[in-house]
J.: 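What follows is a single structure, and I will ask about it in a moment.
Note that this is a predicted model, so its numbers are computed, not measured. Chain naming here is simple, since letters A, B, ... match the order of the sequence lines and numbering starts at 1 in each.
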Amino acid sequence: MAGSQTCRPQTDRRQDGIIMTTYITTPIYYVNALPHLGHAYTTIVTDAYSRFRRLCGDDVRFQTGTDEHGEKIVQAAEAEGVSPREYVDRISRSFREAWPPLSVEPDHFIRTTDPSHIQTVQDILQQVFDQGDIYFSEYSGLYCQGCERFLTEKELIDGNCPDHLKPPKEIAEQNYFFRMSKYQDWLIEHIRKHPEFITPERYRNEVLSFLSEPLEDLCISRPVSRLTWGIPLPFDRNFVTYVWFDALINYLTGIGYPDGPDFEHYWNAAEHVIAKDILKPHAIYWPTMLRAIGVPPYRRLHVHGYWNVDETKMSKSIGNVIQPGNLVEQYGADTVRYFVLREMSFGLDASFSGNAIVERRNSDLANDLGNLFSRALTMIGKYAGNVVPAPAKGLYNDVDRELINALEVMIAQYRLNMNTFNFHRALQEVWRVIGMLNRYIVTNEPWELAKIPDQEKRLLTVLYILAESLRILSLVLRPVMPEAAAKMSLSLGVDFNEATTLDSHGKWGMLQPGTEISPGPQLFPRLDKKKPGDEKNQQPQPGSRMGEKQSGQQEGLIEYGTFQLLDIRVAEVVAAEKIQKSERLLKLTVKAPEERTVVAGIAPYYAPDELIGSQVLMVTNLKPAKLMGVESHGMILAAKEKDSDGNERLVLATVGGRVTPGSKVK
RNA sequence: GGCGAUGUAGCUCAGCUGGUUAGAGCGCACGGCUCAUAUCCGUGGUGUCCGGGGUUCAAGUCCCUGCAUCGCCA
């Protein structure tokens, strides 16, 4: 079990009669790309948690927004031929508009270009500067003019910038630094004393291990000669603020820091949700910044992992980038929310695929929950005239009591797990009860009871128990699947609203006999699985930056004659096997049109069996080379993609339709 | 290179401080029911618990070592 050690009830915050408060945030998303699955996950988690806290009776403030300054934004805007302002307005809007279709309802959407944010950032910088925690110093490093940024040694390949293939220049630059090191000991102590400060524990350990080494001070500026799209430093107009002092402070400005009426009220209850890539800024920079400002640290930081997209199953139906809008269109908001919350152990990585989401939808939502709901309501219709029947007093037997007890246990476990971000466990608990209810129906056979006149009381009792159990299910499912839960309670004639809480409505026996039931349409119709060959839905990617890259590339052009040197042909795979000692390599036998053997480094992305019969593009006039002992006569072409999370994958290049093997590509 | 995490049924994963025949869900096979969304219920099989060594009366669970994957750091 998630158990008593990690799950601590909110006794530290709760005092009888006092309304608890929750302030929960997503990161502000950088507007250099459109929203994708990773953004959607963070935001869904945050929304589900905020709904859960509301269900607990909390006064909740949920904030998300966009991060809009920096060099990359200027570049992106230039590439589109618009001003940075126009550019960020557009992308920010696409974030803001991405959430409502997912039933995500933030209370506030903040933008770092908001005037009030800019003002407060400057006030804070001035304060920290005045107290001596910001100083001017020289910084030297390897600067790539193509990238317009400093590179680390690690990034270099053979001493060159990996993107521009030129050596970076060693340059020195003067900048302002935040005296972060000054607060290192305090931070270590704070993390040690507050086990919940950074969760899950693995990330807390990671931070502590990082802090065991001396902390460097944080560079917080960029000279205006290099960057103008930023917040000017109030004490030196030759510089603008560099990312973190601008971005992190959104958590304060969004609730009216320093003297807004609600600031302290919410800040004392602050919790942040982030993906692991921005752990360090949130776990180290941010608390030390707050310390310097004189604001107490946030309460909890919740760190989640990445979604690995299962290419082989996914790419064909949806395309490369998984856009929240597409997901909602295909599966509906409830299913997407349920899937991501159920499938990922919070903190760990998980994999996403179209098949997985359809399987969850069909087995968990359609078969288990939807069908349970449908069969129960139908029976109440048939045997009780569409009205919640009255249970016979004293007629609860052992099976009934076991079920009711299980529901109570479920609510407690659900609370504990939702509160500690163990959403998948919370949902497991709920589905254990759903399984019990399906068994309960089979055990009691209401359709048999209905045939025996003197069993009517028992029949009505069984039906009442079902209806009341469903009412409780619809209550606990509200944070996860708002639409479906609302439909459920509506069908049961129950009026849940903003004032409804787990305490007020999560008790057995509150469903009033006599309430009219109105079975609606199916909650979750079953979905068909995508067939492997279904490539019709492939659509151009609106977020693609392909165009920019091409137009920007002046150098490195080749003559047509050079291109002609390549002999690219369509090859049909007739056999494929893994090369034993290698993780990456597959040995393929292809027809082009003569048979030949090629070795391709695609084993992580394609199973040998699925390749047989497929047509790929191959460079046929490459010098043979031996790889892991196998001689390769040609090279298979594939697209190499790196998503914003840094995951790489290969997708085989192919032709649009069936072609005679050996056809030349030109 | 340093530190850490992970490696358990076809798939996704549970297995706390070592203790009888190693678990769940999905998938698969067979059987049952008919209230229900071709749904539900029951039964069933498979696992060298990554490899090797060790500690112990006893190890998936502890120690050492190797391999693989991932993360953080340099």
J.: If you look at every strand shown and take non-hydrogen atoms under 4.0 Å, does E206(A) touch a base, only sugar-phosphate, or nothing?
T.: sugar-phosphate
J.: Can you check the distance between C73(B) and C57(B), where both ends of the measurement are the C1' atom (answer in whole Å)?
T.: 44 Å
J.: Checking contacts here: which listed nucleotide (A36(B), A14(B), G71(B)) is nearest the side-chain heavy atoms of N371(A)?
T.: A36(B)
J.: Both distances below 3.5 Å, Watson-Crick or wobble geometry, any strand: find the nucleotide opposite C40(B).
T.: G32(B)
J.: Please list all pairs meeting side chain to side chain donor-acceptor pair (under 3.5 Å) that have one or both residues in residues 456-467 of chain A, counting only residues at least two apart or in different chains.
T.: D400(A)-R458(A), N444(A)-R458(A)
J.: Which one is paired to U46(B), where only Watson-Crick or G-U wobble pairs with both distances under 3.5 angstrom count?
T.: none
J.: Under a 3.5 Å cut-off for both distances, is U56(B) Watson-Crick or wobble paired, and to whom?
T.: none
J.: Could you give the distance separating A59(B) and G18(B) at their P atoms, to the nearest angstrom?
T.: 13 Å
J.: Is it the case that atom OH in Y242(A) sees more than 12 heavy atoms from other parts of the structure closer than 6.0 Å?
T.: no
J.: With the side chain of R425(A) defined as its heavy atoms from C-beta on, choose the nearest nucleotide among G15(B), U37(B), C35(B).
T.: G15(B)
J.: With a 6.0 Å cut-off (strictly less than), is the heavy-atom count around CD of E216(A), excluding the residue itself, greater than 12?
T.: no
J.: Between atom CG in N355(A) and atom C1' in G10(B), what is the gap in whole Å?
T.: 14 Å
J.: Over all strands shown, is R526(A) touching base, sugar-phosphate only, or nothing at heavy-atom distances under 4.0 angstrom?
T.: base
J.: Look through every strand shown and name the nucleotide pairing with G18(B) as Watson-Crick or G-U wobble, where both distances are under 3.5 Å.
T.: none
J.: What's the gap between A58(B) and G53(B) when it is taken at their P atoms, as a whole Å value?
T.: 16 Å
J.: What is the per-nucleotide protein-contact pattern of nucleotides 26-33 of chain B, from the 5' end, where B denotes a base atom under 4.0 Å from a protein heavy atom, S denotes such proximity for sugar-phosphate atoms only, and - denotes neither?
T.: S------S
J.: Output the rounded distance in Å from CH2 (W431(A)) to C1' (C13(B)).
T.: 18 Å
J.: Taking G7(B) as the reference, what is the distance to G32(B) when you measure between their C1' atoms (whole Å, please)?
T.: 40 Å
J.: Kindly say whether H36(A) contributes a backbone atom to a donor-acceptor pair with the side chain of Y41(A) at under 3.5 angstrom?
T.: no
J.: L369(A) or K280(A): which one's nearest nucleotide on RNA chain B is closer to the 5' end?
T.: L369(A)
J.: Which of the following nucleotides, C40(B), C35(B), A14(B), is nearest to the side chain of L348(A)?
T.: A14(B)
J.: How many Å lie between CG on L403(A) and P on C41(B), as a whole number?
T.: 14 Å
J.: Looking at the rings of F197(A) and Y298(A), which for Trp means the six-membered one, are their centres under 6.0 Å apart?
T.: yes
J.: How long is the line joining CG of N444(A) and P of C41(B), in whole Å?
T.: 14 Å
J.: Rounding to a whole Å, what distance do you find between D277(A):CG and C73(B):C1'?
T.: 17 Å
J.: Using the C1' atom as the point on both nucleotides, what is the distance between G45(B) and G54(B), in whole Å?
T.: 35 Å
J.: When the P atoms of C13(B) and A22(B) are compared, how many Å lie between them, rounded to an integer?
T.: 23 Å
J.: Rounded to whole angstrom, note down the P distance from U65(B) over to G2(B).
T.: 12 Å
J.: Would you mind classifying the nucleic acid contact of Y383(A) as base, sugar-phosphate or nothing, using non-hydrogen atoms under 4.0 angstrom?
T.: sugar-phosphate
J.: Rounding to an integer number of Å, can you tell me how far D349(A) CG sits from A5(B) P?
T.: 16 Å
J.: Let's test this: given Watson-Crick or G-U wobble pairing with both distances under 3.5 Å, identify the partner of G1(B).
T.: C73(B)
J.: Does D334(A) pair with R337(A) as a salt bridge, N-O distance under 4.0 Å?
T.: no
J.: Nearest-nucleotide wise, let me know which of E343(A) and F210(A) is further upstream toward the 5' end of RNA chain B.
T.: E343(A)
J.: Could you state the CD1-C1' distance from I434(A) to U37(B), rounded to the nearest angstrom?
T.: 15 Å
J.: Using the P atom in both, what is the distance from U46(B) to C35(B), to the nearest Å?
T.: 37 Å
J.: So that I can tick it off, tell me whether R192(A) and E189(A) are bridged by a salt bridge, with the cut-off set at under 4.0 angstrom between side-chain N and carboxylate O.
T.: no
J.: When you measure from the centre of the six-membered ring of Y306(A), is the NZ or CZ of K276(A) under 6.0 Å away and within 45° of the axis?
T.: yes
J.: Tell me whether the rings of Y49(A) and F421(A) are parallel (<30°), tilted (30 to 60°) or perpendicular (>60°).
T.: tilted
J.: Return the nucleotide paired to G10(B): Watson-Crick means purine N1 to pyrimidine N3 with N6-O4 or O6-N4, wobble means G-U with N1-O2 and O6-N3, both under 3.5 Å.
T.: C26(B)
J.: Is a side-chain N or O of H194(A) found less than 3.5 angstrom from the main chain of I191(A), in a donor-acceptor match?
T.: no
J.: At under 4.0 Å between heavy atoms, what does P446(A) touch on the DNA or RNA strands: base, sugar-phosphate, or nothing?
T.: nothing
J.: Remember a base hit wins even if backbone is also touched, and classify L372(A) as base, sugar-phosphate or nothing at under 4.0 Å, heavy atoms.
T.: nothing
J.: Can you tell me the distance, in whole Å, between the CG atom of N438(A) and the P atom of G42(B)?
T.: 10 Å
J.: Need one value for S374(A): base, sugar-phosphate or nothing, where a base atom within 4.0 Å counts as base even if backbone is also close, heavy atoms only.
T.: base
J.: I want to check one thing: is the phosphate of C72(B), taken as OP1 and OP2, less than 4.0 Å away from some side-chain N or O of K276(A)?
T.: no
